[in-house]
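Just below is one structure, and these are the notes that go with it.
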Amino acid sequence: MINNYIRKDLKDFTPYHAQIKDYDIKIDANENPYEHNKEIIIKVNRWLEDCNNIRRYPDTDCTDLRNAIAKYWNVERDNVVCGVGSDQLIDSILKVFLEPGDKVLMPTPSFSMYKLSTKLNRGIPIEFSLEDDFSYNVEKIISLYRKEKPKCLFICTPNNPTGNTISIENMEKLLEEIECPVVIDEAYSEFIDESMIDKTYKYNNIIVLKTFSKAYGLAGLRVGYGIASKDMIDAINIVIPPYHLNSLSQFIAKTVIENTNEYNNKIEEINSNREWLFNNLKSINYVEKVYPSQANFLLIKVSSYTIAKKLENEKILVRGYGDAGELANCIRITIGTKEENEKLIDVMKGLI
Ligand code: PMP
């Protein structure tokens, strides 16, 4: 009965659920494997002791957090918007710019939320394939842009799940030809230490999305942010709900961005662990390809998609992509600690 009342275009949708699985090693969601520094935990405990901090509604404008982000990136507070994860910002951007039936250009394979959020906001996803090595073909995107006249374009760099980037030079070539809002998703850019944020002064139609979920290990707190021209930020704020980001998340994210030095060593360690894993995965006989990555994960192609399930049976959770589509027989592995990576290689060598 209630089904008769669901929006027609959502009738075939199923709710998003993530199964809770038992594990020893969790390398399926690109999270940070390291613990937070003690000083940060002490600050959080102190913050929790003041009851007012949780009795009161949060600061709806996330003023302190936005100030800290603005200071870190050398922009103004008005150039920053915070979200409940960058997921919320992806949704908000589409919510404010799309009329029903508008097209949105996005790469494939890439982060699945662009497509889902577009549909939930009554838009039409138009996917452009990446090249065989997963690189972005700028000319191809420009000609598709001219043909389809989309309301919004998504670029993910480094791209999830392929790990490759688009260079700043190519990004600018693209931007010179694009008028519509362009979302540059830099969820993993801390691992390359390269960003388009300083170009937000030059192109007022771009928004750079960042997250505390990956390099900064706060996935459980759901904090993302966007940096853009003031006009772009003002537009997005129209659809951000009041009190969206809870006080604890605001406080911890602020503390973390004020102490990024504490995280830089870990980021370097993850990068060197990735190189170790890259070389060792290549030596496993059923691993057909390891794609070069500049993020905290590696995409590999194996002889059978069942490897993901076999690893799960060994209590190692990875992200498998099944046996069909452009990522058939591919597995995405988050870079873990040295011990986790060594265990993974050991277990993988014993499988077939
Ligand atoms: N963008 C990309 C490319 C991602 O991989 C993810 C998380 N998997 C997100 C955005 C969303 O991150 P958040 O936790 O900030 O919502």
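Residue numbers start at 1 and run along the sequence shown. Whatever order the structure lists ligands and atoms in, that order sets their numbers, starting from 1.
Close to ligand 1: Asp185, with a non-hydrogen atom less than 4.0 angstrom away. Not close to ligand 1: Met113, with no non-hydrogen atom less than 4.0 angstrom away. Proximity of Cys156 to ligand 1 is established by a heavy-atom distance of less than 4.0 Å.
Heavy-atom neighbours of Phe13 CZ from other residues, nucleotides or ligands within 6.0 Å: above the threshold of 12. Within a 6.0 Å radius of CG in Asn4, more than 12 heavy atoms belonging to other residues, nucleotides or ligands are found.
Taking Asn341 as the reference, Asn273, Trp276, Leu277, Ile335 meet the side-chain contact (heavy atoms from CB on, under 4.5 Å) condition, with sequence neighbours excluded.
Backbone and side-chain nitrogen or oxygen atoms of Asn160 are examined, and one is located within less than 3.5 angstrom of a nitrogen or oxygen of ligand 1. For the pair Asn30 and ligand 1, the shortest N or O to N or O distance does not fall below 3.5 Å.
Among all non-hydrogen protein atoms, the one lying nearest atom 11 (C) of ligand 1 is Asp87 OD1, 3.2 Å. Of the protein's non-hydrogen atoms, the one nearest atom 7 (C) of ligand 1 is Lys214 NZ, 3.1 Å. Among all non-hydrogen protein atoms, the one lying nearest atom 6 (C) of ligand 1 is Phe111 CZ, 3.4 Å. At the shortest separation from atom 16 (O) of ligand 1 among protein heavy atoms lies Arg222 NH2, 2.9 Å. Counting only heavy atoms of the protein, atom 12 (O) of ligand 1 lies nearest to Ser86 OG, 3.3 Å.
At a heavy-atom distance under 4.0 Å, only side-chain atoms of Tyr188, from C-beta outward, approach ligand 1.
In terms of heavy atoms, Ile178 sits closest to Leu174 at CG1-O, 3.1 Å. In plain terms, the two heavy atoms of Tyr286 and Lys349 that are nearest each other are OH-N, 4.5 Å.
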Identify all side-chain donor-acceptor contacts of residues 323-330 below 3.5 Å with residues at least two apart in sequence or on another chain.
| from | atom 1 | to | atom 2 | distance (Å) |
| --- | --- | --- | --- | --- |
| Glu326 | OE2 | Thr108 | OG1 | 2.3 |
| Asn329 | OD1 | Tyr305 | N | 3.2 |

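Salt bridge annotation for Lys214-Glu190: absent, with no cationic side-chain nitrogen under 4.0 angstrom from a carboxylate oxygen.
When ring centroids are compared, Tyr225 and Phe212 come within the 6.0 Å threshold.
Below 4.0 Å from some heavy atom of Gly85 lie the following atoms of ligand 1, by number and element: 13 (P), 15 (O), 16 (O). Atoms of ligand 1 found under 4.0 Å from any heavy atom of Ser213 (numbered from 1 in listed order, with element): 13 (P), 14 (O), 15 (O).
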Problem - Asp231 and Ser229: CA distance, side-chain angles, deciding distance, side-chain hydrogen bond (donor to acceptor under 3.5 Å, both in side chains) verdict - result: CA-CA 5 Å; Asp231 286 353; Ser229 61; 5.5 Å; no

